[in-house]
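Everything on this sheet refers to the single structure shown next.
Throughout, protein chains are lettered first and strands after them, A, B, ... in sequence-line order, and every chain is numbered starting at 1. Small disclaimer: the values here were computed from a predicted structure and weren't measured.
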2 protein chains.
Amino acid sequence: MMDTTTFSALAEPTRLRMVEILKDGPLSVGDIAERLELRQPQASKHLRVLLEAGLVEVEAAANRRNYRLRTEPLEAMDAWLEAYRKLWSERFDNLDDYLRKLQSKDNS
Amino acid sequence: MMDTTTFSALAEPTRLRMVEILKDGPLSVGDIAERLELRQPQASKHLRVLLEAGLVEVEAAANRRNYRLRTEPLEAMDAWLEAYRKLWSERFDNLDDYLRKLQSKDNS
DNA sequence: TAGGAATATTCCCGTCAAGGAATATTATAA
DNA sequence: TTATAATATTCCTTGACGGGAATATTCCTA
């Protein structure tokens, strides 16, 4: 059973971009706001949602607050997806079978 | 760049359950409503969202409409996750390194 | 301790999504 | 063609969400 909180958090385009930006390392609120061309309050608000979803963590550094990506929810998504991967690999196998049959017909 | 449509669709618990139920094969609206204890209109409405998100496809069969899971959006999620997998595998590697160092210290 | 930079929070407003109930639509069978 | 089963759509209401603007908070530094 997958927690929909992660999906909710990532369903907002700005927050998805935040996650993508944070992939390369922690950033302060100001940096994030600047890169995404957001006003600071909006950045803080979206970061709060990501924080409560467990997708980021904060570390206070002097005046700044550095947000770092947390991978646990993404790992959970990855694990959730596991049950579905066989669906498209099966299809691929079927196609593979089909192509093999075609080839053996060609050779006969 | 990941389309947030998939996340939006899956952010709703009922729709996520629909996807999970459809993993084992196509189902009619009535079957879905029954299994999830939904009223039929709500089932239809949620299925419409999934349909527009490309997460399901419909096939009319007599009086029924059978909804089948489509894997493309899930494959896209899987591909999107790829860029993040190294984040937790790296951590694992670091832990692995750490444990190796501990062990070599023990042996000295 | 006062000032200022960085960040968080609150309030307000408009929009949108979801459920309930009723109704419309489609297709089958008699 | 008509009755009925299965499904879709509409209307209504309510609550949550996101942006803007203003303000509060926190922490450093002079």
Side-chain angles (χ1 to χ4, degrees), chain A residues 1-22 24-70 73, chain B residues 1-22 24-70 73:
Chain A
M1 220 181 333
M2 171 82 188
D3 188 8
T4 55
T5 307
T6 305
F7 289 137
S8 296
L10 298 178
E12 214 287 325
T14 299
R15 287 195 294 264
L16 183 62
R17 293 171 65 202
M18 283 182 166
V19 165
E20 291 176 342
I21 269 192
L22 289 173
D24 303 320
L27 289 174
S28 70
V29 176
D31 288 343
I32 295 171
E34 185 182 9
R35 294 209 196 182
L36 302 186
E37 297 182 357
L38 297 173
R39 309 180 192 283
Q40 174 267 319
Q42 319 304 330
S44 285
K45 281 192 264 190
H46 281 303
L47 285 167
R48 189 182 215 277
V49 176
L50 290 176
L51 187 66
E52 287 170 350
L55 276 160
V56 298
E57 59 190 5
V58 212
E59 186 192 10
N63 226 359
R64 316 272 175 83
R65 308 199 80 198
N66 292 317
Y67 283 82
R68 177 193 309 268
L69 191 63
R70 286 186 73 249
Chain B
M1 218 181 336
M2 170 83 188
D3 186 10
T4 54
T5 306
T6 305
F7 289 137
S8 296
L10 298 178
E12 214 287 325
T14 299
R15 287 196 293 265
L16 183 62
R17 293 172 66 203
M18 283 182 168
V19 166
E20 292 177 340
I21 269 191
L22 290 173
D24 303 321
L27 289 174
S28 69
V29 177
D31 287 344
I32 295 171
E34 185 182 9
R35 292 209 197 184
L36 302 185
E37 297 182 358
L38 297 172
R39 309 180 193 283
Q40 174 268 320
Q42 319 304 329
S44 285
K45 281 191 266 190
H46 281 303
L47 284 168
R48 188 182 215 277
V49 176
L50 290 176
L51 187 66
E52 287 170 352
L55 276 160
V56 298
E57 58 190 6
V58 211
E59 186 194 10
N63 225 358
R64 315 272 174 84
R65 308 199 79 201
N66 292 318
Y67 283 82
R68 178 192 309 267
L69 192 61
R70 285 186 74 251

For DNA chain D, whose closest nucleotide is more 5', that of Asn66(B) or that of Ala62(A)? Asn66(B)

Base dA8(C) to side chain Gln40(A), donor-acceptor N/O within 3.5 Å cut-off: yes

Picking from dT28(C), dA18(C), dT9(C), the nucleotide nearest the side-chain atoms of Asn63(B) would be dT28(C)

I'd like to know if Gln42(A) reaches the base of dG18(D) with its side chain, counting only an N/O donor and acceptor under 3.5 Å. no

Check for a donor-acceptor pair, side chain of Arg70(A) on one end and backbone N or O of Gly54(A) on the other, with a separation under 3.5 Å. yes

Rounded to the nearest Å, what distance is computed from the CG atom of residue Leu10(A) to the P atom of nucleotide dG18(D)? 12 Å

Per Thr14(A) side chain, nearest of listed nucleotides dA22(C), dG19(D), dA6(C): dG19(D)

Closer to the 5' end of DNA chain C via nearest nucleotide, is it Arg65(A) or His46(B)? Arg65(A)

When you check the phosphate oxygens OP1 and OP2 of dA8(D), does a side-chain N or O of Tyr67(B) lie under 4.0 Å from one of them? yes

Between Glu12(A) (CD) and dC16(C) (P), how many Å, whole number? 14 Å

Comparing Arg15(A) and Ser44(B) on DNA chain D - which has the more 5′ nearest nucleotide: Ser44(B)

Looking only at the side chains, is there a donor atom on one of Ser28(A) and Asp31(A) sitting less than 3.5 Å from an acceptor on the other? yes

Check whether any side-chain heavy atom of Gln40(B) lies under 4.5 Å from a side-chain heavy atom of Ser44(B), and answer yes or no. yes

Apply the side chain to side chain contact (heavy atoms under 4.5 Å, CB included) test between Met18(B) and each candidate in Val56(B), Leu55(B), Leu47(B); give the one that qualifies. Leu47(B)

Between dA21(C), dA8(C), dG20(D), spot the one nearest the side chain of Val29(A), thanks. dA8(C)

